[in-house]
Amino acid sequence: MRWVQLCLLCLAFAFVEALIGGTRLLFLLPSCAILAVMGVLSLFGWRQKIEAPHTACLAATGIFAGYLIVRSLLSPVEYLARTDLCLLFASLLVYLVTIVAVTGSRQRLLFVAALLFFAVAQATAGAWQHFRGERVGLFAGLEVEDYGLRASGFFICPNHLAGFLDVTLLFGLGIACWSRRAAWVRVLAAFGAVASLFGLALTASRGGYLSAAAGLLVFGALSLVAIQRAGARRGTAAAVFGLIFIAVLAGGFAVVIRHQGALQVRAENLIPENDARLDLWRGAWRQAQLEPLIGTGSGTYQYYGRQFRPARLQADPVYAHNDYLQLLAEYGAVGLLTGLAFLAIHFWRGIRSLRERLDDNFSGQRLPQSDHLALTLSALAVVATCAAHSLVDFNLHIPANAMLLAFVFGLIASPGATGEVTSTRKVTTLFARVALPAAALWIAMVALPTLPAEYHAEPARRALRDERYADAITSAKAGLAFDETNPFLWLHLGQAHATLAETSTNTVEARASWEAAASAFEKGLHLYPREEWLLFGLGAALDGLERFPEAGPVFERAVKWNPTSAVAYFYQATHFRLAGNYPEAEAAYRKSLECSYNPAALHGMELLAAARTAPR
């Protein structure tokens, strides 16, 4: 049964890797379904003996995850919290199955081998993108953002790929240097590490570069500690070989960067001036002041980031690009402190486990090599690199990378079975055994029923993009038949009706479409009151129905909650122009232009001038 669960775990990661890292909920749910099956199957291995996980690690995990679950359930926008909850339960399943089922060193090495295979595939896709300038997607319809020559592999963003390759680089090095497996196994692991480093270079992710350096420093320091356990002659030889190997890797990395102009420019500018991240961090800090203790709720940075951004930042700030600050903003001081405690306790426990293993393997002249040592040392270095990367990015909000880190923490929390070992910590073991199927049942009963609606939301969004408005209406209605609590299905439905109304030459049909659009936008706003596009849509629909007194307050709310948005002022100015309030319209158009150069606002000024001179 444990081997079946290992296969399912690998399959879940394969899906989330291929589906743009699970970035949207639709692309996370297939992996959630596989993980749920894996969790339920743990009931059939209830009597199998396992070595109990460390109590402090499991307690820290229970407190941290428990708080996040409760705070998410109490968040103001249920749909935004739903995505975080699915990610949290998926990560929790990976963590628990690593403790309960994937416990043997051989099983864990095979899983790491699968990760290294994924890394080679990602690096290959990234090389194709970089050298051929073509985006890669395994499945038809998957959209990969165009970042020029920066490699993103099968992820949606190069920074996400960098976060993944940081981890596989360290695991490949750990097995190559410290495992006792056959030479060909270690050579393949070294190849996976080299491929990871090559792919990392092509991402041009400055955060990825810095966090990889941090992880390699920790890996090197821990390796020196391990070498000290060997005799002087062998220890010196191992240290020299390690330095040569690292020098070769660093030299190869530098050569790749130096011979690619786009990569060299970013590498030379690791800390750019006026980085937008600074604005995002300030917004997250201001948000944290609203509810310092418990935060404003899961997913709320999506709209508070808009409220607190400066005018120079017009892009939609979905994430704070700092996992710690976003955790503080959304979950408060309680969330941040419990998260830091979770991190510190696992790292401390990993150091303790590493020392114990080194003591067991110390024999004077022999290097203390073992699979357990290779995995534990690599895991500690991975924790360091992910802790560093989270300072400048949001990899913990990317399912593929968050689930991978869950495996790493599970590996540290449980030293793994070493033969027939009977647990003496029965309560801890029982908690892990019960929590695994319980998390699986939550996914099966709460998360998976939303899959049909998410499935229809994706073609609705694409149909809107491709100007196939009748198809968008059909898909949105099909999704709403399964789930009426998805505000973005109402948004897609409203936008499709509104566009049909704008282009219709039949007055009766246009009015019916405006009314359908207004109804859809109102229902969406009931679920997500601060979504700017729902506000813009409702205001425009009311203007189309010439219900100007009702539309005015809607645009006031949009501007209040997005006070530096050129788009918000443009929509408000258009409302004033249609309502005949020309001085207010001119002021709003000028405000839009002050926020950002906006050709639409310039065109609006021309229409306003024409309206002023036209006979009434």
Whether Phe409 and His346 hold their rings parallel, tilted or perpendicular, with breakpoints at 30° and 60°: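 Judged by the thresholds at 30° and 60°, the geometry between Phe409 and His346 is perpendicular.
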Plane angle bin for Tyr67 and Tyr331 - parallel if under 30°, tilted between 30 and 60°, otherwise perpendicular: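 Because their plane-to-plane angle is over 60°, the rings of Tyr331 and Tyr67 count as perpendicular.
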Roughly how far apart are [X] [atom1] and [Y] [atom2], rounded to 0.5 Å?
X: Leu58; Y: Ile345; atom1: CG; atom2: CD1; value: 11.0 Å
X: Ile34; Y: Gln5; atom1: CD1; atom2: CD; value: 14.0 Å
X: Glu330; Y: Tyr301; atom1: CD; atom2: OH; value: 9.5 Å
X: Trp178; Y: Leu173; atom1: CH2; atom2: CG; value: 12.0 Å
X: Ile398; Y: Thr23; atom1: CD1; atom2: OG1; value: 4.5 Å

Taking the side chain as C-beta and beyond, is there a heavy-atom pair between [X] and [Y] under 4.5 Å?
X: Leu8; Y: Val97; value: no
X: Ser353; Y: Ile412; value: no
X: Gln302; Y: Tyr319; value: no

Pair Phe13 and Phe118, ring centroids less than 6.0 Å apart: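 No, the ring centres sit 6.0 Å or more apart.
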Contacts of type side chain to side chain contact (heavy atoms under 4.5 Å, CB included), residue Cys386, not counting sequence neighbours: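 With sequence neighbours excluded, Cys386 shows a side chain to side chain contact (heavy atoms under 4.5 Å, CB included) to Val167, Val382, Leu405, given in chain and number order.
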Ion pair check, Arg108 and Asp371, cut-off under 4.0 Å: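 Between Asp371 and Arg108 there is no salt bridge, as every charged N stays at least 4.0 Å from the carboxylate O atoms.
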